[in-house]
Amino acid sequence: MKVKRYIVNALPEALPIIRSELGIDAVILNTKEIRVGGFLGMFGKKKMEVIAAIESNANAVPAVRKPTSAPKPAVSPAALSHFAAMVSSAASVSAEAAAPESGRLLEDAVPLKAHAVQPVISNRSGMENELINEIRDMKQWIQKMSKQQQLKTWPEPVQELYERLIDQEIELKWVDKLMAEVEERIQFLQGSQPDKRFVWQSARSVLNEWLKDFEGERIGEQTRVVHFVGPTGVGKTTSIAKLAAEQTLKAGRKVGFITSDTYRIAAVDQLRTYANILDVPLEVVFSPSEVTRAYKQLEDRELIFMDTAGRNFRHELSVSEVNSLLQSHDRSETYLVLSLTGRYRDMSAVAEHFVKYGIQSVLFTKQDETNAYGSILNLVMDYGLKPAYIAYGQTVPDDIMPFQTDSYVEKVLGAAGDE
Ligand SMILES: Nc1nc2c(ncn2[C@@H]2O[C@H](COP(=O)(O)OP(=O)(O)OP(=O)(O)O)[C@@H](O)[C@H]2O)c(=O)[nH]1
Ligand SMILES: [Mg+2]
């Protein structure tokens with residue numbers, strides 16, 4: 001099948017061009033109104049996009065589309081518009097697959113020869129479903145590519161902001177939402193071009209607005225027990241030492257440690273070393289049944305930090321296991337510890353499980369090892385998790401601070417925001 005995409009002012013204009021280029025057997029697979037140029041749909045000209053196709057052998061009616069004939073993403077810009085047309089038509093197929101009764105494809109299409117569109121909607125097999133998934137992936141890829149093309153038509157500071165946000169590894173859906181809100185603010189300029197200061201200030205105020213209900217999470221003055229959970233090696237034990245030092249030396253509270261991390265041989269020794277330095281008692285528990293005994297031993301302590309073993313918390317079973325060790329009452333808190341050097345996809349899988357167990361706060365570590373801070377915003381937006389502390393180095397007790405929205409937003413947007 002040969003597929004072509006036409007951009008015209010109105011549909012009737014396309015028909016003679018399609019006939020002359022693709023022949024009388026061509027069918028129109030889809031039409032849609034689009035805007036060309038402009039920024040996020042603003043300042044653009046209204047046009048009509050028409051996707052037309054012709055079978056390679058116009059008389060043959062293909063029974064089923066085979067995955068092997070699925071188009072593979074082409075990278076060159078020249079191939080892009082042709083490929084966009086392929087995907088756009090395929091997207092109609094998948095929409096049809098999701099709602100076979102809707103007749104959407106036939107409604108949207110202006111068939112020059114009706115039978116040509118029929119085979120693609122009949123008799124779906126596993127292979128076809130696989131094809132549809134593949135097409136969905138390609139569609140996403142195309143959207144990304146066309147976004148990049150569209151980007152070139154935006155005012156320069158807006159382009160820069162978009163690139164900055166993507167570079168910060170903020171999820172695309174939140175980047176799009178943020179850009180839409182910035183666009184709303186730009187509309188107040190009534191047509192005059194936004195400068196960088198304005199764009200950055202707009203982004204700053206949107207981010208502050210989004211985050212304002214999630215800041216201020218700290219170890220409470222009335223809190224008796226603080227648990228730390230999280231994947232292997234993220235910095236749970238080190239962060240406990242930092243916060244315990246702060247609570248002991250600055251807040252003057254009587255602190256105690258419990259560790260259930262008997263998984264690694266050196267783990268108990270690591271916390272014991274900090275316990276000795278800070279002159280804090282340490283209890284080791286080997287099973288959930290021993291936790292009560294440990295609390296009894298530490299009865300005179302005002303604040304107890306509980307360390308747990310790092311596990312692969314992408315498995316929910318590990319999450320339920322660690323949860324059985326945690327005391328849940330109104331004077332206890334649990335921090336999920338995550339390293340900012342991790343991939344968001346993995347963090348998200350871990351967070352999703354912990355959220356089910358009622359965890360609300362995150363302590364982020366290793367800020368010093370990365371320049372991308374988007375995952376903090378992603379976790380706030382995706383799960384409503386509150387960023388409580390940020391650790392930014394290996395030095396105990398210095399390298400930790402409470403999360404602050406202002407300084408976080410400055411880091412995300414970068415110094416470029418100050419022109
Ligand atoms: N650069 C940097 N390193 C850190 C930070 N926090 C912890 N680390 C280092 O990360 C390593 C692991 O720290 P731990 O505190 O043992 O991590 P953990 O989560 O307790 O590890 P497990 O108990 O084995 O799961 C150590 O080398 C720490 O010094 C940080 O904020 N920045
Ligand atoms: Mg540890």
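Along the sequence shown, residues carry numbers from 1. Both counts, for ligands and for their atoms, begin at 1 and track the order of listing.
- Trp174 does not carry Lys177 over the face of its six-membered ring by the limits of under 6.0 Å from the centre and within 45° of the normal.
- Protein heavy atom in closest approach to atom 16 (O) of ligand 1: Gln270 NE2, 2.9 Å.
- Proximity of Thr238 to ligand 1, defined as any heavy-atom pair under 4.0 Å, is shared by backbone and side chain alike.
- Taking only nitrogen or oxygen atoms, main chain and side chain alike, Thr237 reaches within less than 3.5 Å of ligand 1.
- Among protein heavy atoms, atom 3 (N) of ligand 1 sits closest to Gln394 CG, 3.3 Å.
- Within ligand 1, the atoms closer than 4.0 Å to a non-hydrogen atom of Gly310 are 25 (O), numbered from 1 in the order shown.
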(request) Determine, step by step, whether Arg5 and Glu49 satisfy the side chain to side chain contact (heavy atoms under 4.5 Å, CB included) criterion, reporting the C-alpha distance in whole Å, the side-chain angles of both residues, the deciding distance to 0.1 Å, and the verdict. (result) CA-CA 7 Å; Arg5 175 170 172 262; Glu49 179 193 75; 2.6 Å; yes
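- Ring pair Phe403/Tyr408 is tilted by interplanar angle, where 30° to 60° counts as tilted.
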(message) Met306 vs Ser260, test: side chain to side chain contact (heavy atoms under 4.5 Å, CB included). Steps then yes/no.
(response) CA-CA 8 Å; Met306 177 159 175; Ser260 65; 4.0 Å; yes
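- The distance criterion of under 3.5 Å between nitrogen or oxygen atoms is met by Asp368 with respect to ligand 1.
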(request) Quick one: do Val322 and Phe313 satisfy side chain to side chain contact (heavy atoms under 4.5 Å, CB included)? Show the steps, please. (result) CA-CA 9 Å; Val322 76; Phe313 288 121; 3.7 Å; yes
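- Taking 4.0 Å as the cut-off between side-chain N and carboxylate O, Lys212 and Glu215 do not count as a salt-bridged pair.
- Put simply, the side chain of Leu338 does not reach to within 4.5 Å of the side chain of Leu363, judged on heavy atoms.
- No part of Ile400 comes within 4.0 Å of ligand 1, judged by heavy-atom distances.
- At least one N or O atom of Arg264 sits closer than 3.5 Å to an N or O atom of ligand 1.
- Numbered from 1 in the order shown, with element, the atoms of ligand 1 that lie under 4.0 Å from a heavy atom of Thr232 read 25 (O).
- For Tyr389 and Phe364, the gap between ring centers reaches or exceeds 6.0 Å.
- At a 3.5 angstrom cut-off on N or O pairs, Asp307 does not count as close to ligand 1.
- At a threshold of 2.8 Å, the Mg ion (ligand 2) has a backbone or side-chain N, O or S atom of Thr237 nearer than that distance.
- By the 4.5 Å heavy-atom criterion applied to side chains, Lys236 and Val229 are not counted as neighbours.
- Counting only heavy atoms of the protein, atom 30 (C) of ligand 1 lies nearest to Gly393 O, 3.2 Å.
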(request) Please assess Thr405 against Trp210 for the test side chain to side chain contact (heavy atoms under 4.5 Å, CB included), listing each intermediate value before the final yes or no. (result) CA-CA 10 Å; Thr405 303; Trp210 285 0; over 6 Å; no
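- Scanning all protein heavy atoms for the shortest distance to atom 17 (O) of ligand 1 gives Gly235 N, 3.0 Å.
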(request) Output, in order, the C-alpha distance, side-chain angles, deciding distance and verdict of salt bridge (charged side-chain N to carboxylate O under 4.0 Å, His left out) for Arg314 and Asp346. (result) CA-CA 7 Å; Arg314 290 163 74 251; Asp346 299 329; 3.5 Å; yes
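- Of the protein's non-hydrogen atoms, the one nearest atom 8 (N) of ligand 1 is Lys366 CE, 3.8 Å.
- The distance from ligand 1 to the heavy atoms of Asp261 drops below 4.0 Å at these ligand atoms: 23 (O).
- Taking only nitrogen or oxygen atoms, main chain and side chain alike, Val234 reaches within less than 3.5 Å of ligand 1.
- Annotation for ligand 1: atoms under 4.0 Å from non-hydrogen atoms of Glu369 are 1 (N), 2 (C), 3 (N).
- The number of heavy atoms from other shown groups lying within 6.0 Å of CG (Asp279) does not exceed 12.
- Regarding atom 22 (P) of ligand 1, its nearest protein heavy-atom neighbour is Gly233 N, 3.5 Å.
- For atom 25 (O) of ligand 1, the nearest protein heavy atom (residue, atom name, distance) is Lys236 NZ, 2.8 Å.
- Contact atoms of ligand 1 toward Tyr392: 31 (O) (distance under 4.0 Å to a heavy atom of the residue).
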